[in-house]
Structure formats: C-alpha cells, structure tokens
Amino acid sequence: MSFDNLCKLLSEKHPEKFASWVLGTPQTSATVLKTELSIEPIRADYVTFLQLEGRILHLEFQTKLESTPPLPLRMLDYWVRLYRLYRLPITQVVVLLLPPKDDIEIPTAFTVENTRHEYRVIKMWEENPEPFLQDSALLPLASLTATNQPQNLLEKIVQRVNQVETTQRPEISAYTQILAGLKFKKDLIRKLFREGMMRESVIYQEILEEGEQRGEQRGRQQGRQEGRQEGERSLVLRQLTRKLGELPPGMREQLKTLSLEQLENLGEALLDFNTLLDLEAWLAHN
C-alpha cells in the first residue's frame, strides 16, 4: 500500500475526524462518496470525497507535487465533475506529506488567462504535532508534523500508541510505522516501537517476572535466562496471535524451540507479517 493510499484509507475510516482537522471546525456528519466520477471516468486513487452538511469536501493526499495531469489542472477537473454531480459548494484540500525538493513553489491555484481556480494546501511538515498526538484517528500522521527534535517526537508517538485501546493498537501501530517510514530509518522505527510497546509494557514485565520466578528453582543465573526466554516467547506468541489469528499447533511447537535471540528477531520481523505464510517462511529460514 502506498503512503498516499494509506492516508485515503485513514480518512475514509475516520471521515468526521479528518474533516474537522482540515476545516478547523467540528464536523459531526460526513459521508464517504464514491471516488469514480462520470464523464470519461477518472479514478481518484489517493482522493477522498466527503459529503458534509451542505458541502462536499475533496481531500487529496500527495507525497510529491509532480503528476500527470498537473495538480492544479486535476483539482479544477475534480471540482467541475463534483459540482456537475452534486451542485453543492466544494472545499478542496491537498495534503502534502513531504516538502518538495529544491524548495520549489507549491501551486495553490489553476490559472489560464481569465480562468482561475483556487484550492487549499496543507503542509504536514508545518502542522502542530499536538492535535495529532491527542487523537488516535490522526495519530498515524503525527511523525510528519513540525519538530526540531524528530527522534523525540517519534518517542512521544510510540508512547501515545502504547496508550491506545488494546483492540485498536496493532492497526494504529502498523499505520503509524508505515507513515513514519517517510521520514525515519526503518531500524530506528522498529527499535523505538519494540522498546516502547514491548520492553516497557506492563504485560511484558509481568510475563518476564513470572518466567524468572519459575526459573529460580533451577538456579538464579540460569533461571533469569530461562525466564527471559519464556517471557519473550509468551510475548511473541501474543503478538502473533493478535496479528495473524490462532496459530496451528505445529507452529506453536516450533516457537518452543527458538532461542532468546531468535525470539527477539521474530518479535521485530512479525511487524511485517500479513499472513501465516509469512511466519511459516520466517521459521523455515531461521
């Protein structure tokens, strides 16, 4: 999934939240409209159309300005097609995820002779991070906001993700890590999310302590090592079950044979898993 398309997915999952953000006023009613417009059908892959009270909101997410046809012409084209269909006022907002290279000018209007059509542009790198940190629907975009201390911001984001309701946390964490990849190195993202959401979690500490207590009967030093290994195995199993569903008995048995180092590596790798086949492939090569 592309970064632009992920933003489209988020805006359609939380239309009121995104409409309230870009318009700056609370929106309590927003309906997602189809993205296929008539008249030589055009597919808006990274576009969200929302019907508000007496208005259409057109959101377009872009990682770069270059496009064919050019962005200003495309915005005019969408406006005409939307107005033809709905005959309502239309607010158009382009959300730029990254600053353009070489500080080129960002167009906010289409202009040819006496024709001029304007639209708004939101530059994510100039947005205040606080509203994004406070709202789980917008949280995946937080890493793209303004900051003089990027790693510090990412650490705050990890802490915030860790506070999200348990049932929503895996999905929000995955979306957040994907978008953070636009600005941060993959290794740093994995490291901070793993440390923040696993090492420092209450669940992890409880599992670790339980394992260490059981292992103390076989020697303090050996018990600590075995306890850490058992704690890591239990944690990885929980993460896999939450992401992939119940594991087959054979896979559960394979997890029991993994060393502490292998379990830690699996804990990082599972962030990229989508199906049981991904886990099966990883186990076959490790």
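Values below: all heavy atoms of this structure, side chains included; hydrogens, waters and symmetry mates excluded.
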Are S259 and E261 close enough, and set up right, to give a side-chain hydrogen bond (donor to acceptor under 3.5 Å, both in side chains), and what steps lead you there?
CA-CA 5 Å; S259 66; E261 181 180 3; 5.3 Å; no
Does the pair K185 and I189 meet the rule for a side chain to side chain contact (heavy atoms under 4.5 Å, CB included), with working shown?
CA-CA 6 Å; K185 292 183 178 180; I189 296 171; over 6 Å; no
Side chain to side chain contact (heavy atoms under 4.5 Å, CB included) between W125 and L96, intermediate numbers included
CA-CA 8 Å; W125 61 95; L96 285 181; 3.7 Å; yes
Stepwise, does the side chain to side chain contact (heavy atoms under 4.5 Å, CB included) test hold for Q62 with L97?
CA-CA 6 Å; Q62 294 285 141; L97 305 182; over 6 Å; no
Run L88 and R55 through side chain to side chain contact (heavy atoms under 4.5 Å, CB included) and show every step you take.
CA-CA 6 Å; L88 288 172; R55 178 172 298 276; 5.9 Å; no
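From T48, atom OG1 reaches atom NZ of K13 across 13.0 Å, with rounding to the nearest 0.5 Å. Between atom CG of residue L141 and atom CG of residue D135 there is a gap of 10.5 Å, rounded to the nearest 0.5 Å. Within the model, atoms CG of L9 and CZ of F61 stand 10.5 Å from one another, a figure rounded to the nearest 0.5 Å. Remark: E280 CD to T275 OG1 distance equals 9.0 Å, nearest 0.5 Å. Interatomic distance, CG of L82 versus CD1 of I90, reported as 4.5 Å (0.5 Å rounding). A distance of 11.5 Å separates CG of L247 from CD of E253, quoted to the nearest 0.5 Å.
The two residues R160 and S136 have their closest heavy-atom pair at NH2-N, 4.2 Å. When all heavy atoms of S143 and A180 are compared, the closest pair comes out as OG-CA, 3.3 Å. Summarising the geometry of T147 relative to K183, their closest heavy-atom pair is CG2-NZ, 4.2 Å, with the distance given to 0.1 Å. The minimum heavy-atom distance linking T63 with L98 is given by the pair O-CB, 3.9 Å. Contact between S173 and V161 at its shortest, heavy atoms only, is CB-CG1, 3.8 Å. Residues A137 and K17 share a closest heavy-atom pair of CB-CG, 3.7 Å.
Here the side chains of D278 and L270 are not in contact, with every heavy-atom distance at 4.5 Å or above. Looking only at side-chain heavy atoms (C-beta outward), F18 and E12 stay at 4.5 Å or farther from each other. Annotation: side chain of L255 is in contact with side chain of L240 (closest heavy-atom distance under 4.5 Å). Counting heavy atoms from C-beta outward, V47 and L59 have side chains that stay 4.5 Å or more apart. With a 4.5 Å cut-off on side-chain heavy atoms, E127 and I122 count as touching. Using a 4.5 Å heavy-atom threshold, the side chains of S20 and T25 count as separate. Counting only heavy atoms from C-beta outward, the side chains of T145 and L133 never approach each other to under 4.5 Å. Residues V158 and T176 fail the side-chain proximity criterion, which asks for heavy atoms closer than 4.5 Å.
No side-chain donor from either of R120 and T91 sits under 3.5 Å from a side-chain acceptor of the other. Between the side chains of Q27 and W21, no donor-acceptor pair of N or O atoms lies under 3.5 Å.
Residues L277 and L266 do not share a hydrophobic cluster, defined by chaining ILVMFWY side chains whose heavy atoms lie under 4.5 Å apart.
A donor-acceptor pair is defined here as one N or O able to donate and one able to accept, closer than 3.5 Å; such a pair exists between the side chain of R233 and the backbone of K256. Side-chain N or O atoms of R87 include one that pairs as donor or acceptor with a backbone N or O of Y83 at under 3.5 Å.
Between T111 and the choices R116, H117, E118, the side chain to side chain donor-acceptor pair (under 3.5 Å) rule is met once, by R116. Between L50 and the choices I56, L57, L33, T31, the side chain to side chain contact (heavy atoms under 4.5 Å, CB included) rule is met once, by L57.
Atom CD of E53 is surrounded by 12 or fewer heavy atoms from other residues, nucleotides or ligands within 6.0 Å. Atom CD of E126 has more than 12 heavy atoms from other residues, nucleotides or ligands within 6.0 Å.
Electrostatic pairing of D77 and R81 counts as a salt bridge here, judged by a charged N lying under 4.0 Å from a carboxylate O. Electrostatic pairing of K101 and E66 does not count as a salt bridge here, judged by no charged N lying under 4.0 Å from a carboxylate O. Under the 4.0 Å criterion applied to side-chain N and carboxylate O atoms, E60 and R74 are assigned as salt-bridge partners.
A ring-centre distance under 6.0 Å is not found for W79 and Y119.
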